[in-house]
Amino acid sequence: MAVSATAQEPDFAALQAQTKKVFEDRVTPFFKNYCTDCHGIYRMEGGINFAPTLAAPGASSSAKSWKQALANIKAHDMPPDDAKKQPTDEERQMFVEWMQTIKFLSPKDPGAFVIRRLTKMEYGNTLRDLFGVDPAIAAELPEEVFGEGYLNTLSPLQSEQYLSIANEVLNRVLAPKDEPPTEMQKRLFGDTPSSGSDLRAAAKSVASQLARSAYRRPASEAELERLLLVFDLAQANKLDYQSSLRLVLKAILVSPQFLFITPAKEPELDHAIVPLDDYQLASRLSYLLWATMPDAELFALADAGKLQEQSVLQAQVKRMLADTRSRALFDGFGAQWLGLMGLESKTFDTEMFPQMTTEMRAAMVDEARLFFDSIVRENRSVIEFVESDYTYLNGTLAALYGMENTITGPEMRKVQLEDTNRGGILSMPGILATTSFPNRTSPVKRGVWVLEQVLGEHVPPAPPNVPPLEKQDKQAVENLTLRMRTELHRTNPVCANCHKILDPIGFGLENFDAIGRWRDQDQTGGAIDAAGELPGEKRFSSPRELKAIIAERKDELARNLTRKLLAYALCRQLEGYDEIVVDQLMVTIAKDGYRMQNLISEIVTSYPFVNRRIHELEVPKSNGQ
Amino acid sequence: MVNKFRIDRRTHLKGLGAALALPLLETMGWADTSKGKTNAPPVRLGFMYMPHGVIPDQFWPANAESFLTSPPPALESLKPVLDQCLLMKGISGVPILPFEGAPHALELSTWLTAQLPDADTRSQINIAISADQIAANFVGGFTSLRSLELATMPQTHKENQEGLNEGYYTHCSFRSPTQPVPAETNPRNVLNRLFGKTDQPGQLAKVDPLDRQLLDLVLDGAKDLRRKLPQADQHKLDEYLDSVRAVERRIAAIEYRQKEAALEKNGVASSKRNASDSPPIEIKIPVGEKRSEYMQVMCDLNVLAFQTDITRVSTYIGSTPNGVSYPELGFNDEHHSQTHHENKPEPVAKVAAITAFNIAQFAYMVKKMASLREGEGTLLDNCIMMWGSGLEDGNNHSRNNLPFIIAGKGGGTINSGRFLPDTKGNQGDLLSTILACAGIPVDRPVGIATKQITEMIHHL
């Protein structure tokens with residue numbers, strides 16, 4: 001079709017017009033013919049009503065019902081068998097193809113970048129950068145999901161903890177009353193002015209410096225005046241100069257300007273979409289790549305008003321990724337993407353897997369982290385996530401690779417792999433372990449993981465009332481290998497649709513046990529049969545061959561990572577216009593083989609990252625406002 | 001100053017804005033009754049959750065008559081206090097259409113809201129204020145902590161069902177439709193929060209005398225900032241303003257308590273406690289990793305917080321619907337993996353054991369409450385403790401007869417010691433009735449509620 005992945009700006013209007021035309025000429029009649037009698041304003045079978053969807057096909061609120069309709073029409077689940085009329089295959093195909101163009105109906109929209117509260121990790125790191133305290137000072141705060149799905153809200157519990165952590169920070173870095181100031185204190189507050197001089201003026205200049213770094217932007221005159229009222233409060237309560245500044249700093253640390261990323265400039269409220277100001281952009285970038293506040297260089301560029309320039313921004317990405325702070329990209333994004341957040345506390349059968357000690361679990365996560373880091377730092381192709389000939393091991397972890405004789409000691413180091421069944425995330429013990437049950441592998445979980453996390457496909461949850469494995473007839477299944485038992489899924493038509501795609505992937509990884517060791521027999525003693533076939537007659541008989549087939553699907557792999565990383569960067573789910581942004585980005589990064597730094601750089605310079613919507617687009621403001 | 005009359009709570013609902021009405025502390029709850037002889041304690045409200053439902057025939061009593069004499073296996077641990085428990089069969093859950101693919105993302109988040117998320121903005125949290133927070137809005141101002149939220153697992157599960165925000169999976173308390181309330185998972189942190197950084201219950205958290213004035217000034221600054229921002233940003237700042245005001249109220253309440261404690265030290269009798277009341281229980285933070293000990297210390301903290309009137313509302317997520325195992329029970333299977341049991345004996349037995357285990361932790365908590373003297377009865381007499389799940393039977397995700405256990409008499413408002421096998425109502429009705437029994441005026445029904453379940457109520 002004409003509208004594949006090459007959605008460049010000039011074509012956009014034409015594509016949009018074409019999509020609208022097909023919608024009016026064909027899609028709307030299709031729905032009126034086959035769907036809206038039962039799913040319309042007069043009847044809403046299953047709570048589904050396509051009237052609002054057809055009225056606003058490009059609205060983000062319609063996305064869900066389109067997806068639902070697509071799935072059901074594709075699978076011939078709808079209209080139901082007893083319906084009066086059935087669409088022809090050609091009509092179904094028309095709708096399926098039109099759905100690929102629906103993104104062109106979305107208005108150009110960067111999404112809202114609502115003032116965002118720092119995550120627990122960002123907050124701790126920022127305190128470290130400001131005051132040299134251990135980021136663990138934030139440990140009491142509740143754990144949070146980062147990126148897409150981040151709950152940008154604030155509860156009384158958190159506010160209370162912010163106050164108590166602020167007190168703790170000040171107790172650690174400032175001298176107690178009547179004692180000589182600490183070095184940090186001298187750096188923050190300077191000397192106490194000699195008696196008789198203007199204390200308030202001196203305090204103002206200190207507050208201005210403190211606020212500038214803590215707010216990550218210059219404080220306005222009005223904001224400074226507010227902080228001086230805190231100084232006045234302290235003075236009125238007979239606190240000395242240093243203690244008064246301490247109170248000012250405490251106020252700063254519980255202020256929204258510190259706890260949230262806030263704009264430096266008042267946005268032009270008569271525009272619906274505005275670019276981020278330089279300081280906002282510096283923070284957004286720095287919290288994305290480093291999970292902490294911008295450094296002096298970023299501040300200097302923001303001061304100079306240079307950060308909006310694409311080449312400057314790209315150069316900053318390169319520089320920041322080379323810095324060790326960029327490990328935050330793994331801690332915040334990578335670990336979540338790979339599903340390793342829960343490995344530390346996941347239950348394993350201790351008799352079957354005594355190896356799963358704290359050290360082992362830590363080494364598993366470290367392996368994934370160092371590998372992820374190497375792809376970022378060395379600007380490797382993202383395809384190497386799947387196919388790679390090196391990894392990182394220490395003595396503990398080497399035991400799972402059968403390399404404990406050559407690799408010893410607790411330090412992780414880069415190891416060249418000879419066994420081509422190994423290498424890449426699909427055969428990494430940490431990932432194989434998180435996708436297993438406590439006492440055995442789960443080909444299904446592994447298959448779902450590969451499809452969803454690696455290839456970016458959506459796997460619907462199993463319907464209720466379908467027995468997982470152990471629940472089937474015990475007698476009959478007792479002597480079957482796990483593979484033979486799992487294949488029972490495919491005898492049931494309800495299950496077969498999904499399982500025929502996900503099970504083979506899981507089987508292809510069956511040579512790895514529930515903690516990632518190689519094996520030739522499964523727990524029943526039956527030989528592992530790692531052969532399978534994926535759509536398109538792609539046959540494989542070992543993990544090595546499975547990985548090769550998946551690595552060939554470059555565009556899907558890269559698109560999936562791009563979508564996930566963009567959603568992480570924007571802290572929200574992707575919708576409407578974002579899909580066009582992804583299309584454009586894919587074209588660019590494909591040119592030199594999907595390299596990781598280029599991908600990150602493209603995300604950081606993308607339209608939704610550097611702009612924000614401040615009013616709903618549907619409701620233009622009237623002039624009288 | 002001692003007030004000689006009890007005020008009508010309803011008249012004060014509107015006055016509970018920014019300022020804490022401190023003198024109310026003396027009249028609301030624990031008020032002197034007519035002669036100043038006995039102090040009538042306030043009603044406290046607690047919720048405790050288990051995911052994935054139960055094995056129905058091991059949970060529901062055979063009939064109303066045998067409820068007390070031969071209770072079903074799941075309720076074994078509650079036997080000593082069954083006469084203070086109420087079970088009702090027939091409470092239906094919120095129908096989850098159009099989110100059929102999200103049974104587990106919704107079981108917890110609909111539990112106290114009795115409402116579905118907004119379908120058009122599903123990628124963000126947008127549901128409804130939950131029953132516990134409705135209660136906290138009303139009674140939270142009288143205590144140093146407006147409400148207590150506990151959990152035993154971090155609320156960070158990332159699983160997308162039906163495009164719903166991941167937060168739905170792990171949260172049940174919502175302060176407003178868009179504000180999930182995080183729960184505390186570390187017992188040490190909870191203890192610190194209740195009593196300050198000391199292991200001696202009874203000592204209060206220290207506050208800086210200037211903090212309240214400091215926060216006032218910070219709030220003024222935040223309001224300046226708010227004026228300059230677009231609407232969506234303003235809403236975020238409103239959450240900030242609201243949460244900081246809550247901290248101010250908490251500081252005020254702590255200061256008030258400190259004054260009161262100082263008076264007690266000097267021999268002035270407390271208006272809140274009777275000489276015959278049990279002393280505050282002791283908290284021992286377990287060192288091992290046993291799930292029962294972990295769950296029980298959280299129960300103890302809940303009991304202590306109620307006993308010392310640090311809060312009157314608590315919500316305890318015993319576990320969230322993802323990935324918990326119970327090695328203590330002799331198997332490592334994850335809870336959810338066993339609930340699709342297709343009536344096969346082995347997984348059914350495991351789910352039954354997990355259910356009994358969870359109810360036993362609840363029983364541990366309410367039995368402790370029943371052992372503590374308070375006023376003319378026990379702490380439990382003055383509580384409404386609700387245990388339950390957001391699914392009836394995890395095997396088929398049914399929600400027709402949600403399992404609930406209500407322990408305590410709510411200060412005499414709950415007609416307990418009974419099993420009502422044929423109750424008609426939904427979970428919104430149940431929550432609305434519970435709030436009414438706790439004396440919380442509700443200006444609109446909770447979620448899908450249409451009525452109160454009058455059979456629950458003890459009619460004087």
Side-chain angles (χ1 to χ4, degrees), chain A residues 46-48 61 64 112 114-115 140 142-145 149 151-160 163 167 222-223 226 229-230 233-234 237 247 250-251 254-257 259-260 262 266-267 269 336 341-342 346-349 437-439 460-461 464-468 470-471 572-573 614-615, chain B residues 97-98 101 103 119-120 122-123 125 146 154-156 158 161 163 165-167 175 178-182 184 189 208 210-211 213-215 217-218 220-222 224-225 228-230 232-233 236-237 239-240 243-244 246-247 250 323 325 327 332-334 337 340-342 344 346-347 395-397:
Chain A
I48 295 159
S61 56
K64 193 70 198 173
V114 177
I115 56 166
E140 274 181 33
E143 297 299 326
E144 295 181 299
V145 170
L151 296 176
N152 184 22
T153 58
L154 188 59
S155 73
L157 167 66
Q158 284 151 317
S159 279
E160 198 181 318
L163 180 62
N167 276 321
E223 284 170 332
R226 288 289 178 195
L229 292 178
V230 177
L233 168 71
N237 282 275
L247 203 66
K250 183 151 125 185
V254 295
S255 293
Q257 292 92 334
L259 299 169
F260 292 78
T262 57
E266 215 170 308
L269 291 174
Q336 222 168 60
M341 304 293 265
K346 184 178 157 78
T347 307
F348 283 90
D349 190 316
F437 287 119
N439 49 8
N465 274 327
V466 174
E470 289 85 359
K471 289 89 206 175
R572 60 173 172 79
Q573 289 183 14
I614 57 174
H615 299 301
Chain B
L97 273 174
D120 290 343
R122 62 182 77 199
S123 67
I125 296 283
R146 64 187 293 285
Q155 295 167 297
T156 51
K158 260 196 90 75
Q161 291 195 325
N165 185 292
E166 281 88 344
R175 187 162 162 75
T178 56
Q179 272 178 289
V181 182
E184 289 180 284
N189 290 351
D208 186 320
L210 290 182
D211 274 354
Q213 287 160 281
L214 170 85
L215 291 177
L217 294 172
V218 169
D220 289 341
D224 288 349
L225 177 64
K228 295 190 201 163
L229 295 174
D233 290 344
K236 279 295 144 216
L237 265 185
E239 292 176 4
Y240 170 86
S243 75
V244 173
V247 176
R250 173 149 158 69
S325 316
N332 291 302
D333 307 79
E334 283 163 9
S337 74
H340 292 282
H341 50 64
E342 277 295 293
K344 298 290 185 298
E346 193 190 320
N395 187 36
N396 50 20
H397 298 159

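Quick caveat, the model's predicted, so the values are computed rather than measured. Proteins get letters first, then strands, A, B, ... in listed order; numbering begins at 1 in each.
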Study note, to complete from the structure: Heaviest contributor of heavy-atom pairs below 4.5 Å to chain B, chosen from A:Lys346, A:Gln336, A:Arg572, is A:Gln336

Check your understanding: Which atoms of A:Phe348 come close to chain B, meaning under 4.5 Å heavy atom to heavy atom: side chain ones, backbone ones, both, or neither?
Key -> backbone

Check your understanding: In Å and rounded to the nearest 0.5 Å, what is the CG to CG distance from A:Leu163 to B:Leu215?
Key -> 5.5 Å

Check your understanding: Quick one: does A:Val254's side chain get under 4.5 Å of B:Val247's, heavy atoms only?
Key -> no

Review point. Is the closest side-chain heavy-atom distance between A:Gln257 and B:Leu225 below 4.5 Å?
Key: yes

Check your understanding: Is chain A contacted by the side chain of B:Asp220, its backbone, both, or neither, given a heavy-atom distance below 4.5 Å?
Key -> both

Practice item. Taking A:Gln573 for its side chain and B:Gly163 for its backbone only, find out whether a donor-acceptor pair lies under 3.5 Å. Key: yes

Point to revise | A:Thr262 vs B:Leu229 side-chain heavy atoms within contact, under 4.5 Å | key: no

Review point. Given side chains that start at C-beta, do those of B:Pro182 and A:Gln158 come closer than 4.5 Å, heavy atoms only?
Key: yes

Check your understanding: Heavy atoms, side chains only, cut-off 4.5 Å: are B:Asn332 and A:Thr347 in contact?
Key -> yes

Review point. Once you round to the nearest 0.5 Å, how far does CG of B:Asp233 lie from CD1 of A:Ile614?
Key: 8.5 Å

**Study point:** For the student: nearest non-hydrogen atoms of A:Arg226 and B:Leu217, plus distance
**Key:** CD-O, 4.5 Å

Practice item. Give the member of A:Pro142, A:Ser155, A:Pro156 that has the highest number of heavy-atom pairs under 4.5 Å with chain B. Key: A:Pro156

Study note, to complete from the structure: Given A:Pro256, A:Ala112, A:Ala251, the one with more heavy-atom pairs under 4.5 angstrom with chain B than any other is A:Pro256

**Study point:** Any side-chain heavy-atom pair of A:Lys250 and B:Asp211 under 4.5 Å
**Key:** yes

Check your understanding: Is any side-chain heavy atom of B:Ile125 closer than 4.5 Å to a side-chain heavy atom of A:Leu151?
Key -> yes

Check your understanding: Pick from A:Glu144, A:Met341, A:Glu160, A:Glu143: which one has the most heavy-atom pairs with chain B under 4.5 Å?
Key -> A:Glu160

**Study point:** B:Leu237 vs A:Ile115 side-chain heavy atoms within contact, under 4.5 Å
**Key:** yes

**Study point:** Nearest heavy atoms of A:Leu154 and B:Glu239, plus distance in Å
**Key:** N-OE1, 3.7 Å

Exercise for review: Find the one option among A:Val230, A:Asn237, A:Leu259, A:Leu157 whose heavy-atom pairs under 4.5 Å with chain B are most numerous.
Suggested key: A:Leu157

Point to revise | Rounded distance (nearest 0.5 Å) linking atom CG of A:Leu247 with atom CG of B:Leu214 | key: 5.0 Å

Point to revise | Toward chain B, the part of A:Asn152 with a non-hydrogen atom under 4.5 Å | key: both

Review point. Between B:Ser325, B:Ala246, B:Pro154, which shows the greatest number of heavy-atom pairs under 4.5 Å with chain A?
Key: B:Ser325

Check your understanding: Where on A:Asp349 is there a heavy atom nearer than 4.5 Å to chain B: the side chain, the backbone, both, or neither?
Key -> both

Study note, to complete from the structure: Of A:Ala222, A:Ala234, A:Gly342, A:Ser255, the largest count of non-hydrogen pairs under 4.5 angstrom with chain B goes to A:Ser255

